[in-house]
Amino acid sequence: MTDDIKPPMVRIEDIYKRFGKVEVLRGVTFDVAEGEVVVILGPSGSGKSTLLRLVAHLDRMDAGRILVDGKLVGYEERGGKLRELSDAAASRARADVGMVFQRFNLFPHLTAVGNVVTAPVHVRGIPRSKAVERAKELLTMVGIGEKFDAYPSQLSGGQQQRVAIARALAMNPKVMLFDEATSALDPELVGEVLEVMKQLAHGGMTMMVVTHEMGFAREVADRVMLMDEGRIIEANAPAAFFDAPQHERTKSFLSKIL
């Protein structure tokens, strides 16, 4: 009997995406298990960020299917074809996917708490008092409990990124996506954001992470992938990926960054 085998939390099936004549993703297929941390590496332009944006339904794919917890994100299937949901329905479906970007994208006119409560109140319909209580818990968890009432302009880059992480977590997502979440930070601030990401990983959050932080990938990932020219070139456990890469492209990539 296989009834107790859980389906993957994220299923990516034969995804294609082009911008104009440029084919950015070419038949990408893989699963992410519940609680798994997958780190995606690759050169600029390899399709990493585009892939995360498709999982979050921030861009439209040209072919393929993406499911989160067994459900299509942003689409419904009718007559064997995918049809895009209305903006409102897609927004509700997207709520299961938390995404943290390179740029923090905080509302400058709202405090840290205000930034965190906006989506739960307006998308999830959570009462504001409960959303504020949850926001304060999350901001404390990410290490900036003393900054509830601070505006983004009063926060360091690392603190702003931690507000952005709390904002994503406030929606109780089933998967968290991190797209170069530390690359816009001053070097001395990178560690505080990576520490929060490690905390989430150790807590069992399903995560897909695009990063250049090799130490994080080696320490925290369950699986490391290399993307190049819109395809997955190699995927393996961190020790095997870094210490005994199989593909020549992986060896070449690692030789330039390690």
Side-chain angles (χ1 to χ4, degrees), residues 8-10 12 15 25 28 30-59 66 68-69 73 94-106 115-116 119 138-139 141-144 155-187 189-227 232 235 238 241 257:
M9 181 55 73
V10 181
I12 295 168
I15 295 299
L25 294 174
V28 174
F30 65 92
D31 292 343
V32 182
E34 183 176 356
E36 186 178 16
V37 178
V38 173
V39 170
I40 304 170
L41 309 178
S44 178
S46 59
K48 311 180 301 294
S49 295
T50 298
L51 178 62
L52 292 194
R53 290 182 63 85
L54 292 180
V55 175
H57 193 58
L58 297 175
D59 288 329
I66 297 175
V68 173
D69 199 21
V73 178
R94 193 186 295 125
D96 284 339
V97 181
M99 187 157 181
V100 180
F101 302 88
Q102 178 177 346
R103 298 292 173 184
F104 323 125
N105 299 326
L106 300 179
N115 269 280
V116 176
L138 289 169
L139 289 168
M141 186 197 83
V142 300
I144 48 174
L155 301 173
S156 70
Q159 290 170 333
Q160 289 185 61
Q161 193 62 295
R162 286 185 280 164
V163 173
I165 293 172
R167 178 180 59 184
L169 291 172
M171 297 295 282
N172 293 318
K174 294 177 178 177
V175 57
M176 284 284 286
L177 313 178
F178 293 87
D179 186 14
E180 301 282 13
T182 61
S183 63
L185 299 176
D186 291 335
L189 301 178
V190 168
E192 62 190 47
V193 174
L194 290 178
E195 204 53 48
V196 173
M197 293 169 65
K198 291 176 187 177
Q199 183 181 346
L200 292 176
H202 296 324
M205 174 63 73
T206 306
M207 295 166 58
M208 296 174 64
V209 182
V210 169
T211 185
H212 292 297
E213 298 292 337
M214 297 302 112
F216 175 88
R218 189 183 279 271
E219 179 185 348
V220 180
D222 296 297
R223 198 165 22 136
V224 182
M225 297 181 173
L226 177 71
M227 283 190 73
I232 303 293
F241 182 92
I257 61 170

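Note that the numbering runs from 1 along the sequence shown for the chain. Heavy atoms only: backbone and side chains are in, while hydrogens, waters and symmetry mates are out.
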For a quick test of reading the model, state the closest non-hydrogen atom pair linking [X] to [Y] and the distance between them.
X	Y	answer
Gln161	Phe101	NE2-O, 2.8 Å
Pro173	Met176	CG-SD, 3.7 Å
Asp222	Gly35	OD2-O, 3.9 Å
Leu185	Gly158	CD2-N, 3.6 Å
Ala168	Gly98	CB-CA, 4.1 Å
Phe104	Ala164	O-CB, 4.0 Å

Rounded distance (nearest 0.5 Å) linking atom [atom1] of [X] with atom [atom2] of [Y]:
X	Y	atom1	atom2	result
Met205	Met197	CE	CE	12.0 Å
Met208	Arg223	CE	CZ	9.0 Å
Thr50	Leu58	OG1	CG	11.0 Å

Practice task
Please test Asp69 against Asp96 for side chain to side chain contact (heavy atoms under 4.5 Å, CB included), starting from the C-alpha separation and ending with a verdict.
Solution key: CA-CA 9 Å; Asp69 199 21; Asp96 284 339; 5.9 Å; no

Can you list the residues that meet the side chain to side chain donor-acceptor pair (under 3.5 Å) rule with [X], with sequence neighbours excluded?
X	value
Glu213	none
Thr211	none
Arg103	none
Asp31	Arg11

Any [X] side-chain heavy atom under 4.5 Å of [Y] side chain:
X	Y	answer
Val220	Met207	no
Met99	Arg53	yes
Arg167	Asn105	yes
Val190	Phe216	no
Val193	Val100	no
Glu192	Arg162	yes
Lys48	Leu51	no

Practice task
Scan for side-chain hydrogen bond (donor to acceptor under 3.5 Å, both in side chains) pairs involving residues 196-209, sequence neighbours excluded, and state none if there are none.
Solution key: Lys198-Glu219

Exercise for the section: Could you go through the side chain to side chain contact (heavy atoms under 4.5 Å, CB included) check for Val73 and Val55 one step at a time? Expected result: CA-CA 7 Å; Val73 178; Val55 175; over 6 Å; no

Would you give me the side-chain donor-acceptor pairs under 3.5 Å for residues 37-47, sequence neighbours excluded?
unit_1	atom_1	unit_2	atom_2	d
Ser46	OG	Pro43	O	2.8

Would you find a donor on one side and an acceptor on the other, under 3.5 Å apart, between the side chain of [X] and the backbone of [Y]?
X	Y	result
Gln160	Leu155	yes
Gln159	Ile144	no
Arg94	His57	yes

Handout entry: Identified side-chain contact (heavy atoms from CB on, under 4.5 Å) counterpart of Val116 within the set Leu106, Leu139, Val142
Key = Leu139

